Amino acid sequence: MQLASFGSKAAESNGRRHVTQTYQFDRNAAATLVSYFTDAFGEDFLTEPHGDA
């Protein structure tokens, strides 16, 4: 899985925002990340509606 973050509005170039960081997760890294969320927010975090991401 890959996630990209975008720079702040102040970092725009020609009125366009650009990707500033990219995070790539293999299966093991993604599982670790999920465990951090469930440790912090409980197992229900995985099934509760969360709105737009």
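Scope of the values below: all heavy atoms of this structure, side chains included, with no hydrogens, waters or symmetry mates. Every value quoted in this text rests on a predicted model; they were computed, and no experiment measured them.
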Practice problem: Compare every heavy atom of Thr20 with every heavy atom of Phe6, then report the nearest pair and how far apart it is. | Solution: C-OG1, 3.8 Å
Exercise. Check the pair Thr22 / Leu3 against side chain to side chain contact (heavy atoms under 4.5 Å, CB included), numbers first and verdict last.
Key: CA-CA 6 Å; Thr22 301; Leu3 299 174; over 6 Å; no
Quiz item: Where is the tightest heavy-atom contact between Asp26 and Ala29, given as atom of each residue plus distance?
Solution: OD1-N, 2.8 Å
Quiz item: Which value, rounded to the nearest 0.5 Å, describes the distance between Phe25 atom CZ and Gln2 atom CD?
Solution: 10.0 Å
Quiz prompt | Passing candidate, side chain to side chain contact (heavy atoms under 4.5 Å, CB included) with Phe37, options Leu33, Val34, Asp39 | solution = Leu33
Quiz item: How long is the span from the CZ atom in Arg27 to the OG1 atom in Thr32, to the nearest 0.5 Å?
Solution: 12.0 Å
